[in-house]
Chemist: 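One structure, pasted below without further comment.
Just so we're clear, the structure is a prediction, and the values are computed from it rather than from any experiment. The chains referred to below are lettered A, B, ... by the order of the sequence lines, with proteins before strands, and numbering in each begins at 1.
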Protein chains: 2
Amino acid sequence: MPASKSDTSVAPRSAATRKRTRIQQEKEELILEAALDVFARHGFRGSTIDQIAEQAGISKPNLLYYFRTKEAIHRMLIDRLLDTWLEPMKIIDADGDPISEIQSYIRRKLELARDYPRESRLFANEILQGAPHIQEELHDLRELVEEKAEIIRGWITQGKIAPCDPKHLFFSIWAITQHYADFDAQIRVVLGTTGEGEGRFEDAARFLDQLYVNGLKG
Amino acid sequence: MPASKSDTSVAPRSAATRKRTRIQQEKEELILEAALDVFARHGFRGSTIDQIAEQAGISKPNLLYYFRTKEAIHRMLIDRLLDTWLEPMKIIDADGDPISEIQSYIRRKLELARDYPRESRLFANEILQGAPHIQEELHDLRELVEEKAEIIRGWITQGKIAPCDPKHLFFSIWAITQHYADFDAQIRVVLGTTGEGEGRFEDAARFLDQLYVNGLKG
DNA sequence: AAAAAATTTTACCGTATGGTCAAATTTACA
DNA sequence: TGTAAATTTGACCATACGGTAAAATTTTTT
């Protein structure tokens, strides 16, 4: 079944159906890694294809052989990101101990901020611009939050944690944890040269543990 | 004392020394207002001079008559912003009641997020990109935080609030309050169509009051 | 090794963008 | 009102940028 020239014979770029070559896998990975770096530092509009290509160590047309457009790279990065990003929330367990479930959630989110700061900034950039590329994905998030908020409400009804607005609870956890990745430049200055290491994440974990454990005690 | 042509006779743009004309004041204000809108929506690199000029209702060369470069507009916006931004922190009073001082601080920061979301996003964009334009100003912030952190430590020593890391306390407050401006796109989706009004700020205020009052009780 | 497929490079194109220049127009002031 | 200063405009420029076309090269398959 021959199709239009652009998606057969010569051009396997973004070949969704076709079996992927070894080189294809390697190069796509290389490009995505470079793009994540550049996008996280300069935002979507602030990043150029040339920049990404240079960072990946390949030529611009070669990059465009694997991804048709700059948007395509960005979209793939965002898609991957969201899986990682929502994982901690998905595993919140209604049958677990409420306080330690929330503690775990905070700790996991903080680990993400520490270990994947570029992903956090990529996401922050996207939302700051009004989330133009991920309206649909955001609606998946909405359903997930709805489901987990129901769990929290259950805990409140059972008197296991203090009454509070579950959604704003989530907002606060997202905000604080991601803040350590997104506002890193500010945090480093405020903490001073002594705060160069990753110790700030441990300090943050201690602080947040206390804040939320006391703040949510039933 | 005649100087080079560019900064005398014809070109009063960015006339720091010269007495400012009525038209100069009006137009500069107009441009800054338009630029704030555009920068907040698209970030620095994502905004074009043409966009700003159009939003201001003037021509591009006319805009460049008042501000030599795009950077100059941005810099002036950031400078103005920081004053407003740090005000709530400056008025934290060592002699006030600790809990209500912190409550007030949170409330004020939340009001800023509600009333000046564009400024919040402008700032967020700048920090996300690594704060390239405001390293000096950030050091002023550092000193201010140092000073206020000392006040918090005093309250802790006196047993008026629970022991905690003062700087991380501030980080958490900044993060959460600004989150309501910066991640507005996400919050709207999660809260759903019912959350269209500004009621979310009242809900947020209630939630945060509870979280911090309980969380910091000595 | 030859043929086919996949990959890479060189040269290039149209548009967007930051910014300039000199002329035209408006405003302020004596 | 006349004149100098201030303001505005239209035409323009160099560069950056996203992306394309086709030839050249490498890799895979037979």
Chemist: Taking protein heavy atoms under 4.0 Å as touching, what does nucleotides 13-19 of chain C look like 5' to 3' if B marks base contact, S marks sugar-phosphate-only contact and - marks none?
Modeler: ----SBB
Chemist: Tell me the interatomic distance from A/Asn62, atom CG, to C/dT9, atom P, rounded to whole angstroms.
Modeler: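 Computing the A/Asn62:CG to C/dT9:P distance gives 6 Å.
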Chemist: Starting from C1' on C/dT8, measure out to NZ on A/Lys27 and report it in whole angstrom.
Modeler: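 Rounded to whole Å, this separation is 8 Å.
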Chemist: Enumerate the residue pairs fulfilling salt bridge (charged side-chain N to carboxylate O under 4.0 Å, His left out) with a member in residues 123-134 of chain A, sequence neighbours excluded, ordered by first and then second residue.
Modeler: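 Every pair satisfying salt bridge (charged side-chain N to carboxylate O under 4.0 Å, His left out) with a residue in residues 123-134 of chain A: there are none.
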Chemist: Assess whether a salt bridge exists between A/Glu150 and A/Arg153, defined as any Lys/Arg side-chain N lying under 4.0 Å from an Asp/Glu carboxylate O.
Modeler: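 A salt bridge is present here (some side-chain N lies under 4.0 Å from a carboxylate O).
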Chemist: Please say whether the positively charged group of B/Lys70, taken as NZ for Lys or CZ for Arg, lies over the ring of B/Phe44, i.e. under 6.0 angstrom from the six-membered ring centre and within 45 degrees of the axis.
Modeler: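 Pair B/Lys70/B/Phe44 counts as cation-pi.
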Chemist: Does C/dA28 have OP1 or OP2 sitting under 4.0 Å from an N or O in the side chain of B/Arg22?
Modeler: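 For C/dA28, OP1/OP2 do have a side-chain N/O of B/Arg22 under 4.0 Å.
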Chemist: Take the protein atom CD of A/Gln25 and the nucleotide atom C1' of C/dT7, then report the distance between them rounded to whole Å.
Modeler: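 A/Gln25 atom CD is separated from C/dT7 atom C1' by 15 Å.
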Chemist: Give the rounded distance in Å between these two atoms: CG of A/Leu30 and C1' of C/dT7.
Modeler: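 It works out to 14 Å between those atoms.
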Chemist: In whole angstrom, what separates A/Leu63's CG from D/dT20's P?
Modeler: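 It works out to 13 Å between those atoms.
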Chemist: Under 4.0 Å: is that the gap between some side-chain N or O of B/Ser59 and OP1 or OP2 of D/dT9?
Modeler: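 Yes, because at least one side-chain N or O of B/Ser59 sits under 4.0 Å from OP1 or OP2 of D/dT9.
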Chemist: What residues, two or more places apart in sequence or in another chain, satisfy side-chain contact (heavy atoms from CB on, under 4.5 Å) together with A/Ala94?
Modeler: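 side-chain contact (heavy atoms from CB on, under 4.5 Å) check on A/Ala94 returns A/Ile151.
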Chemist: In this structure, is the centre-to-centre distance between the rings of B/His168 and A/Tyr180 below 6.0 Å?
Modeler: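 That pair passes the under 6.0 Å test.
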Chemist: Establish, with yes or no, whether the OP1 or OP2 oxygen of D/dT7 is under 4.0 angstrom from a side-chain nitrogen or oxygen of B/Tyr65.
Modeler: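 Checking D/dT7 against B/Tyr65, a side-chain N or O does come within under 4.0 Å of OP1 or OP2.
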Chemist: What's the CZ-P distance between B/Phe67 and C/dT20, to the nearest Å?
Modeler: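 After rounding, the gap between these two atoms is 15 Å.
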Chemist: Under 4.0 Å between a side-chain N/O of B/Thr21 and OP1 or OP2 of D/dT7, yes or no?
Modeler: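 Yes, because at least one side-chain N or O of B/Thr21 sits under 4.0 Å from OP1 or OP2 of D/dT7.
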Chemist: Applying side-chain contact (heavy atoms from CB on, under 4.5 Å), name anything that partners B/Asp140, two or more places apart in sequence or on another chain.
Modeler: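 Residues passing side-chain contact (heavy atoms from CB on, under 4.5 Å) with B/Asp140: none at all.
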Chemist: Could you pull out all donor-acceptor pairs under 3.5 Å where a side-chain atom in residues 80-91 of chain B meets a protein atom, sequence neighbours excluded?
Modeler:
from, atom 1, to, atom 2, distance (Å)
B/Arg80, NH1, B/Glu29, OE2, 2.9
B/Arg80, NH2, B/Glu29, OE1, 3.1
B/Trp85, NE1, B/Gln178, OE1, 3.3

Chemist: Just to confirm, is there a sub-4.0 Å distance from OP1 or OP2 of C/dA6 to any side-chain nitrogen or oxygen of A/Gln24?
Modeler: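 Looking at the OP1 and OP2 atoms of C/dA6, neither is under 4.0 Å from any side-chain N or O of A/Gln24.
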Chemist: Flag the pair B/Lys60 and B/Asp50 as a salt bridge only when some basic side-chain nitrogen lies within less than 4.0 angstrom of an acidic carboxylate oxygen.
Modeler: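 Looking at B/Asp50 together with B/Lys60, the answer is yes, because their closest N to O distance falls below 4.0 Å.
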Chemist: Strictly below 4.0 Å, heavy-atom distances to any atom of DNA chain D: list the hits from residues 51-58 of chain B, or just say none.
Modeler: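 Per residue number, the list is empty: none.
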Chemist: Salt-bridged, B/Asp203 to B/Arg206, with N to O below 4.0 Å?
Modeler: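 Salt bridge present between B/Asp203 and B/Arg206.
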Chemist: Could you state the CD1-C1' distance from A/Ile23 to C/dT9, rounded to the nearest angstrom?
Modeler: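 Going from CD1 in A/Ile23 over to C1' in C/dT9 covers 15 Å.
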